[in-house]
Structure formats: structure tokens, C-alpha cells
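The figures here come from the full heavy-atom set of this structure, side chains too, leaving out hydrogens, waters and symmetry mates.
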Amino acid sequence: MSAEGLSSSSDFIRAIITEDVRAGKFGGRVHTRFPPEPNGHLHIGHAKSMCLNFGVAEEFHGLCNLRFDDTNPTTEHMDYVRSIQEDVRWLGFDWGDRLFYASDYFEQLYQYAVKLIRKGKAYVDSLSAEEIRAFRGTLTEPGKESPYRTRSIEENLDLFARMRAGEFPDGAHVLRAKIDMASPNINLRDPTLYRIRHVSHYRTGAAWCIYPTYDFAHPLSDSIEGITHSLCTLEFEDHRPLYDWILDECEVACHSRQIEFARLNLSYTVMSKRKLIQLVDGGYVRGWDDPRLPTLKGLRRRGYTPEAIRAFCDRIGVAKRDSIIEMAQLEHAIREDLNQRAPRAMAVLRPLRLVIENYPEDRVEELEAVNNPEDPKMGVRPIPFSRVLYIEQDDFREVPPPKFFRLSPGKEVRLRYAYIVKCVDVIKDPHTGNPVEVRCTYDPETRSGLPQANRKVKATIHWVSAAHAVPAEIRLYGPLFTKANPAEDDDKDFLKWLNPRSLEIVNSARIEPRLAQAQPGSRYQFERLGYFFVDPDSTDERVVFNQTVALRDAWAKIEKSPNK
RNA sequence: UGGGGGAUCGUCUAGGGGUAAGACAUCAGACUUUGGAUCUGAGAACCCAGGUUCGAUUCCUGGUCCCCCAGCCA
């Protein structure tokens with residue numbers, strides 16, 4: 001059973017919203033938002049958030065906004081907002097005409113700050129950053145009040161206006177909420193609302209030199225947009241009292257409800273923006289769209305479909321406990337999707353010559369291959385067959401281990417969509433002893449479609465015709481890290497768990513001829529190998545495939561098993 | 001050791017005072033011209049200790065362990 005129907009599975013957030021709607025809160029309205037900061041690229045953790053926010057909105061007949069949370073001009077760029085919009089659309093979500101920016105609210109936010117000052121609920125502090133930190137106290141000791149905390153409202157108003165006017169250098173003053181320096185919740189010890197930053201903002205340019213912090217801007221942005229349920233991750237849980245304080249003290253019309261859920265972690269990878277940046281900037285991967293990365297751009301280039309990612313997100317659920325989802329869960333989602341829609345093809349990664357001794361030298365047959373056994377509508381295609389073929393090196397063993405069903409001396413296998421062949425001889429490299437050519441005979445009565453074709457053999461292997469196949473580059477991927485949770489012990493040291501074999505480039509591959517025209521962005525199943533995505537690096541001369549995911553491999557398990 | 005959260009199969013996620021469900025993974029079998037897919041089956045869990053109760057994994061009390069917070073990041 002697949003995704004549809006399961007997507008509306010209940011979780012604690014949907015339960016809360018259902019109850020709110022039932023109780024008539026917000027007039028029964030449901031309005032969410034997806035609020036990325038344009039300082040990095042989206043990853044699959046954001047996909048979880050989007051599926052939740054857009055999904056909830058749709059299920060409750062509400063709306064979901066796309067809002068750029070761009071209150072920190074030092075790290076944010078227009079390039080990121082473009083990239084993020086592209087990724088959101090690619091995943092299949094639509095914000096309609098509700099594209100917003102926190103920076104659009106700067107004037108309103110400023111007026112709210114003035115309101116707070118007038119109410120005596122905010123003040124301009126002139127302590128240095130270090131002093132503020134020292135005054136904040138510790139987890140177990142209360143903080144001390146700033147000597148500037150008692151400034152008059154008039155002085156605060158004047159100073160704040162002059163902060164805006166650019167009269168002070170960075171760091172000279174900040175605007176702080178006046179809450180409680182002794183609060184056991186450190187977020188309530190007079191949090192900073194505004195800081196001075198003489199830098200140009202990618203959208204507002206030089207219009208401002210003071211910028212609101214997240215804690216101030218976020219609840220108010222939610223309120224301005226009429227957001228009813230503000231869904232965020234667990235680390236904001238103890239900001240919620242501050243979120244509510246801001247909305248209460250600003251006396252807004254719409255007081256959104258913040259609900260926190262656990263962020264997504266995936267095994268054998270990292271998800272934090274900081275770590276992803278380290279991987280990209282450090283050159284450990286080839287860029288933000290490196291197929292080994294859990295970024296949306298990386299997954300897309302790896303060959304993941306939006307449908308598979310959404311099905312995955314639906315299935316993993318939403319809860320509050322920290323967890324690490326096994327990569328197998330994601331891989332299952334893409335296999336399930338691609339099994340239905342990816343056309344099949346024949347490709348040999350590590351070729352071994354196979355010569356059919358009793359097949360005429362100059363003969364070429366066009367055999368018929370099914371494009372997708374899961375979907376007859378996808379039709380058939382011709383594939384050329386001739387005397388000299390390539391098969392996979394792994395499909396031949398001179399001395400077959402137990403349970404090895406493939407080709408070995410004296411044994412028969414079926415060549416997919418062709419004939420049954422029998423191995424009659426092996427030619428080996430005189431130096432290495434490795435097989436370099438397998439000599440076979442074929443049974444002409446066993447061609448696919450013929451009555452004798454039904455003869456049972458233990459295995460069917462794939463092949464390409466040596467004279468017709470074309471070379472290709474195939475990129476194989478393994479986990480980026482060798483440790484399930486590379487961030488576990490030491491944040492800085494996660495790089496030591498990098499998998500040196502996360503990328504393997506196979507240049508020896510031979511693919512069936514029609515694949516020479518494969519279009520970048522298209523997906524295929526290479527029979528018996530896995531799903532592959534045509535990389536944008538492909539040229540007219542050479543197609544480049546990324547392995548999306550391997551097929552499940554029962555033989556590999558048997559071979560690995562200690563007691564086979 | 002201040003505050004805020006969280007503990008259910010290997011991994012996720014439901015449930016709920018009375019047989020603890022599903023998914024992924026694993027194992028076994030069937031089927032198969034992909035050792036794929038599909039189908040069938042199996043094993044596999046309520047953090048601990050008291051208490052209330054006919055009955056607790058659920059309620060109560062007390063512990064234990066894990067995560068987050070001392071940015072003018074979000």
C-alpha cells in the first residue's frame with residue numbers, strides 16, 4: 001500500500017489543531033508557514049517541515065505561506081531565496097501569492113519595538129556584548145540587571161531612534177526586552193530585540209542599520225500574516241514563553257500558537273547547516289548538489305523524486321522524541337517509486353567478454369525487451385544481440401561458492417531476453433589468473449518467445465552486445481559517513497567519520513545503445529543493478545549516470561552472511 | 001546539581017486501565033526470464049522501582065537515562 005491515504009495519518013500536532021478547530025479558536029481557521037532563512041540550501045529536514053506545514057494546511061482547508069526569515073543581513077543572499085523557492089516548488093508545494101519576507105515587516109516591527117519602549121517593556125542597553133553575557137548569569141545562578149535598565153522611557157525612545165538613524169557604531173547599544181533577569185528560563189533574562197549592524201541587507205539595502213532578532217521578529221511576523229499554528233523544532237521550546245510574551249505585550253490581534261516537533265535526523269549523514277557548509281566549503285563533496293548530500297539539490301541530482309521524498313516524510317511521522325531514521329527507510333521510498341516508473345535498461349558496469357562459439361560471427365539479432373514489467377503500457381524496445389557480449393564480472397565465478405546460481409564452467413544461465421548459454425571454457429590472464437573471457441555455447445531453441453524458452457535455469461543475467469554497447473561513466477555512491485551518527489561525540493570531529501569510499505567512479509561501463517541518447521534528468525533501472533539518474537555532467541559523447549540506489553540484493557546478503 | 005522537553009520491537013511511529021498496531025529492517029517460504037518486484041508467514045518492544053486497582057505498559061509517587069538552553073544566530 002502506498003502513500004496516498006496514509007499522508008493524513010494523525011500525529012500530536014494534527015490532534016492539537018483538530019481540537020483548536022473544534023473549539024473554534026482562530027475562527028476555525030488554519031494557517032501555517034514555512035519560514036526558511038535564506039542563508040543556506042534546503043535539506044531533507046526542511047522537506048519534513050514543508051510536508052508538515054503545507055500538508056496540515058491542505059488537510060484543514062487552510063493556507064501555508066512561504067516566508068523568508070531574513071533578519072540577519074550578514075549571512076543572507078538573494079541567491080539563496082531563489083534556490084529555496086526552486087526547491088520548494090520542486091518538492092511540489094505551492095505558496096500561491098503568499099511569498100513573504102520578514103524584512104518586509106521591518107517598519108512594523110520597529111513600531112512594535114517603540115510600543116514596547118513606551119510601555120516600559122523594553123530598554124536600550126549600552127553594555128558590551130561581553131558584559132551582557134557576564135550579566136546574564138548562568139544556568140544555576142540568576143543574572144544581574146544592567147545599570148541601563150532603568151533609563152527613562154524618553155531616553156530609550158531617543159536612543160532607539162538614534163540607533164535607527166545610524167548615530168552609533170555596531171555593538172554600541174542594543175534594544176532589550178525588560179522581563180526578568182532572575183528567570184530560570186535564560187531566554188527571559190532581558191533578551192535582545194534589536195542590534196546595530198551597519199551592513200547592507202540583500203533586500204532592504206541601506207535602509208536599516210538596526211535589525212530585529214529572531215525572537216522578536218518571528219512571533220510578530222506570524223501575527224502579521226495571521227498564522228494560527230507556528231510549527232517549529234524542539235530547540236525553540238523554551239523560547240515559547242518569550243514568543244507569547246512578545247505577542248501579549250505588543251497586544252496583537254492574532255496570537256499564533258507555537259508547537260514544537262523533533263527535527264529529522266538520518267543515519268550516516270549530517271543535517272546541520274553548519275556541518276553541511278563545512279563539507280561543501282572544505283571540498284569534501286563537490287558542491288551543494290553533490291548526490292551524497294541530504295540537501296534537496298543533492299537528492300535531486302542523486303535521482304530521488306519529490307514523490308518519494310514526500311512519501312518518506314509522511315511515513316516517518318511527527319513526534320517530539322529525538323530520533324535517527326535509518327537510511328533504509330529513505331531508500332525504500334525511492335525504490336518503491338522508481339520500481340513503478342523507471343524504464344529498464346541493460347548496462348554492464350565491469351565488463352567480462354563472453355563469446356558464443358556456435359553463434360555466427362557476422363550475425364546480429366534484434367531482440368525484444370520489456371521496458372517495465374510493472375507497467376505494460378511502457379512498451380518494448382529492440383536490443384541488439386551478437387556473438388560477442390559483455391556480462392558483469394560478478395556474474396561469473398570459475399569456482400562457484402555454494403548457492404551461486406550464475407555462470408560458471410559447465411553451467412547454464414539465461415541471458416535476459418535472449419538465449420540460454422552454457423559456459424564451456426574460461427580464458428585467464430596469464431599473469432593475474434583472472435578470467436578475461438568466457439567461452440559459451442548457446443541453445444538456439446531457447447530464444448525468448450520460443451517454446452523452448454521456458455526451460456528452467458537457475459539464473460538470468462544481463463548483458464550488452466560488445467559491438468553495439470556504448471561506454472558511459474557511472475558514479476556509485478556509498479554512505480557519506482562510516483558512522484551512523486557522525487555528530488554524536490564531538491561536533492568538530494565529525495569529519496573523521498567521512499567515508500573515503502563514498503564515491504566510486506566507474507569508467508568501464510558499457511550501456512545498451514539507445515541509452516547513448518538518455519536525457520539528463522531521466523531515470524532508469526539498470527536491470528539487476530539499481531536505479532540510475534542521468535547527471536547534468538553528461539555530454540553528447542559520454543553519458544554520466546548517478547546511482548540513485550541499488551536494487552535489493554539477496555545474493556549480496558548470502559555472500560556476506562557468515563554462515564552461508 | 002536552574003529551566004524546558006523526551007523515554008514503546010533493531011529503527012521510526014500508533015495506541016491506551018483488560019489481546020500493544022503499522023512501516024522499514026531481519027528471517028523463512030511461495031512465485032519469478034531482474035537473486036528485482038509481488039505474495040505468505042515468523043521472530044521482535046511498553047526505562048526502573050514502589051503505590052492505587054480484580055487487573056498498570058497506560059493512573060499516582062519516586063528514581064534513572066537522553067536531548068535542548070548561558071548569540072547582538074535562527
Side-chain angles (χ1 to χ4, degrees), chain A residues 1 6 9-11 35-37 39-40 69 71-72 74-75 125 127-129 132-134 136-143 170-171 173-176 183-189 191-197 210-211 213-215 217-218 232-241 260 262 267 273-274 312 315-333 335-336 339-340 344 346 370 373-374 403-406 413-418 420 446 448 453-462 484 525-530 550-558:
Chain A
M1 283 313 300
L6 291 175
S9 67
S10 193
D11 52 64
E37 185 190 8
N39 71 344
D69 216 341
T71 58
N72 183 359
T74 54
T75 54
D125 196 357
L127 253 25
S128 69
I132 286 177
R133 193 187 322 127
R136 187 154 27 231
T138 68
L139 294 179
T140 52
E141 299 160 320
D170 288 8
H173 309 282
V174 291
L175 184 74
R176 291 230 258 168
S183 172
N185 181 348
I186 289 184
N187 296 297
L188 263 20
R189 317 240 264 230
T192 298
L193 268 22
Y194 267 90
R195 69 284 215 200
I196 301 173
R197 287 253 205 291
I210 58 171
Y211 294 94
T213 58
Y214 166 89
D215 281 324
H218 204 89
C232 63
T233 42
L234 251 28
E235 67 270 25
F236 294 105
E237 204 150 19
D238 43 17
H239 290 238
R240 192 180 345 125
E260 312 83 11
S267 64
K273 215 179 266 183
R274 208 202 93 239
F312 166 78
R315 239 156 350 206
I316 58 172
V318 180
K320 293 196 73 160
R321 76 188 80 147
D322 297 308
S323 62
I324 301 180
I325 312 278
E326 287 178 345
M327 203 49 110
Q329 190 87 229
L330 219 208
E331 293 178 342
H332 173 262
R335 283 195 194 102
E336 185 183 44
N339 179 47
Q340 297 301 321
R344 317 280 123 129
M346 300 246 257
V370 171
E374 302 293 325
K403 294 185 184 168
F404 183 84
F405 302 152
R406 278 108 96 150
V413 293
R414 179 185 306 281
L415 296 173
R416 179 78 157 154
Y417 296 125
I420 292 174
T446 59
S448 285
N454 292 329
R455 227 176 84 207
K456 295 291 176 205
V457 288
K458 288 285 248 179
T460 298
I461 66 173
H462 62 277
Q525 182 200 93
F526 291 170
E527 295 220 23
R528 304 209 305 131
L529 296 176
L551 252 30
R552 296 189 64 191
D553 188 347
W555 167 244
K557 278 181 206 162
I558 294 167

Does a side-chain N or O of A/R136 approach OP1 or OP2 of B/rC69 to a distance below 4.0 Å, or not?
no

Base, sugar-phosphate, or nothing: which does A/S323 touch, judged by heavy atoms less than 4.0 Å apart?
sugar-phosphate

Regarding A/F312, tell me which of base, sugar-phosphate or nothing describes its non-hydrogen contacts under 4.0 Å with the strands shown.
nothing

Which part of the nucleic acid does A/P373 contact within heavy-atom distance under 4.0 Å: base, sugar-phosphate only, or nothing?
base

Counting any heavy atom closer than 4.0 Å, what does A/R406 reach on the DNA or RNA strands: base, sugar-phosphate only, or nothing?
base

When the C1' atoms of B/rU8 and B/rU1 are compared, how many Å lie between them, rounded to an integer?
30 Å

Just N and O in the side chain of A/R321: are any of them under 4.0 Å from OP1 or OP2 of B/rU8?
yes

Judged by atom type as modelled, is there a donor-acceptor pair below 3.5 Å linking the side chain of A/R335 to the main-chain atoms of A/A550?
yes

Describe the nucleic acid contact of A/E141 in one word from base, sugar-phosphate, nothing, applying a heavy-atom distance below 4.0 Å.
nothing

Counting side-chain heavy atoms from CB outward, which of B/rU33, B/rC24, B/rA14 is closest to A/R416?
B/rU33

Taking only N and O in the side chain of A/R552, is any of them less than 4.0 Å away from OP1 or OP2 of B/rG35?
no

With a 4.0 Å cut-off on heavy atoms, is A/E326 in touch with a base, just the backbone sugar-phosphate, or nothing at all?
base

Using Watson-Crick or G-U wobble geometry with both distances under 3.5 Å, which nucleotide pairs with B/rC24?
B/rG10

Quick check: on RNA chain B, is the nucleotide nearest A/H218 upstream (toward 5') of the one nearest A/A554, or the reverse? Name the residue that is more 5'.
A/A554

Sorted by position of nearest nucleotide on RNA chain B, 5' first, the leading residue of A/Y214 and A/N454 is A/N454

Can a side chain N or O of A/H462 be found less than 4.0 Å away from OP1 or OP2 on B/rU34?
no

Separation of A/N339 CG from A/Q525 CD (nearest 0.5 Å):
7.0 Å

Just to be sure I understand the rule, does A/I325 reach a base, reach only the sugar-phosphate, or reach nothing, if contact means heavy atoms closer than 4.0 Å?
sugar-phosphate

